[in-house]
Amino acid sequence: MAYWLFKTEPDEFSIDDLQALGETPEPWDGIRNYQARNLLRDAVAEGDEVFIYHSSCKHIGVAGTATVVRAAYPDPDQFNPDHKYFDAKAAPDNVRWYRVDVVFQRKFQRLVTLADIKVMPGLENMMLLKQGRLSIQPVTPPEWATIITTSETDV
DNA sequence: GCCAACGTTGGC
DNA sequence: GCCAACGTTGGC
């Protein structure tokens, strides 16, 4: 069992949208970066837990958690010429892009902001702070625990 | 809206 | 294979 952080722009898809789905799995698609793709394809497993991180928005930070319910499988959008994620170099026998399915787990009672993460002891090595642009990131168990605790604590 | 970081593309 | 140009991400 491993921990991850998935980024999303809440204007496109937020923790509230995920919560509204209830038990319905949501395909985490649109990953078109090789480093993120490799993590999705090779490392993210069913049963793993995921921080849902809101980026490029007014209130930046970790908004809640989800559970991976299906490991990587080919993202069908890469084969659809009408889709914005179409990739002409991809084919069913030459899959380039993958996605996983996640299910809502919880919404934090308060957002753990990027500013919180920057000053919280124990989080200074989070990949979020090291390599800001990666959209799928591993999270260590101590980092996971610290952020969960922070989400349950008033500031 | 700006701009730094950095991944991707394409000419050579 | 190098590297300049370009595009995207994402915080501020």
Side-chain angles (χ1 to χ4, degrees), chain A residues 2-21 26-44 48-66 68 71-102 104-140 142-144 146-151 153-155:
Chain A
Y3 297 110
W4 304 97
L5 180 147
F6 288 4
K7 288 186 189 172
T8 182
E9 297 188 17
D11 292 343
E12 302 288 326
F13 187 84
S14 72
I15 191 74
D16 295 316
D17 296 321
L18 187 61
Q19 184 167 27
L21 291 174
E26 167 70 10
W28 204 267
D29 55 15
I31 303 300
R32 293 294 183 272
N33 165 285
Y34 286 107
Q35 199 176 350
R37 188 282 305 268
N38 292 345
L39 288 170
L40 266 192
R41 184 189 59 191
D42 304 332
V44 177
D48 285 356
E49 294 190 72
V50 176
F51 283 139
I52 303 300
Y53 177 88
H54 287 174
S55 69
S56 295
C57 58
K58 188 167 184 186
H59 301 292
I60 299 162
V62 180
T65 69
V68 177
Y73 60 100
D75 183 343
D77 297 336
Q78 70 193 301
F79 309 129
N80 178 357
D82 298 325
H83 199 281
K84 74 171 189 172
Y85 289 125
F86 175 66
D87 185 337
K89 294 176 182 169
D93 62 353
N94 182 25
V95 176
R96 274 198 163 192
W97 307 112
Y98 291 80
R99 68 191 197 188
V100 300
D101 289 353
V102 302
F104 174 78
Q105 188 174 28
R106 82 186 108 169
K107 179 181 176 179
F108 289 161
Q109 51 185 317
R110 78 172 189 87
L111 188 77
V112 178
T113 66
L114 180 59
D116 293 332
I117 290 169
K118 283 181 176 173
V119 299
M120 187 70 56
L123 299 183
E124 46 279 291
N125 290 321
M126 276 194 79
M127 198 166 286
L128 195 61
L129 306 180
K130 303 280 178 184
Q131 191 179 345
R133 299 181 61 213
L134 189 59
S135 55
I136 303 285
Q137 309 189 349
V139 174
T140 68
E143 289 164 354
W144 181 274
T146 299
I147 287 178
I148 294 291
T149 301
T150 304
S151 76
T153 307
D154 291 331
V155 196

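By convention in this document, chain letters (A, B, ...) are assigned in the order of the sequence lines, proteins followed by strands, and residues within each chain are numbered from 1. Both backbone and side-chain heavy atoms feed into the values below; hydrogens, waters and symmetry mates do not.
Nucleic acid contact class of A:Gln131 (heavy atoms, under 4.0 Å, all strands): sugar-phosphate only. Residue contacts for A:Lys118: at a heavy-atom cut-off of 4.0 Å it reaches the sugar-phosphate backbone alone, with no base atom in range.
Here the range on DNA chain B touched by chain A, meaning any atom under 4.0 Å from one of its heavy atoms, is B:dA5 to B:dT8.
By the 30° and 60° cut-offs, the orientation of the rings of A:Trp28 relative to A:Phe6 is tilted. Taking the six-membered ring where tryptophan is involved, the planes of A:Phe108 and A:Phe51 are perpendicular, since the angle between them exceeds 60° and thus also 30°.
Under the 4.5 Å side-chain criterion, counting only non-hydrogen atoms from C-beta, A:Leu129 is in contact with A:Leu114. Residues A:Arg37 and A:Tyr98 have side chains in contact (heavy-atom distance under 4.5 Å, counting atoms from C-beta outward). Side-chain contact between A:His54 and A:Thr8: present, with at least one pair of heavy atoms (C-beta onward) separated by less than 4.5 Å.
We find the CD-NZ distance between A:Glu124 and A:Lys130 to be 8.0 Å, quoted to the nearest 0.5 Å. A:Thr65 contributes atom OG1, which lies 3.5 Å from atom CD of A:Gln105 (distance to the nearest 0.5 angstrom).
Within residues 74-89 of chain A, no residue is approached by DNA chain C to less than 4.0 Å at the level of any non-hydrogen atom.
The minimum heavy-atom distance linking A:Trp4 with A:Val44 is given by the pair CE2-CG2, 3.7 Å.
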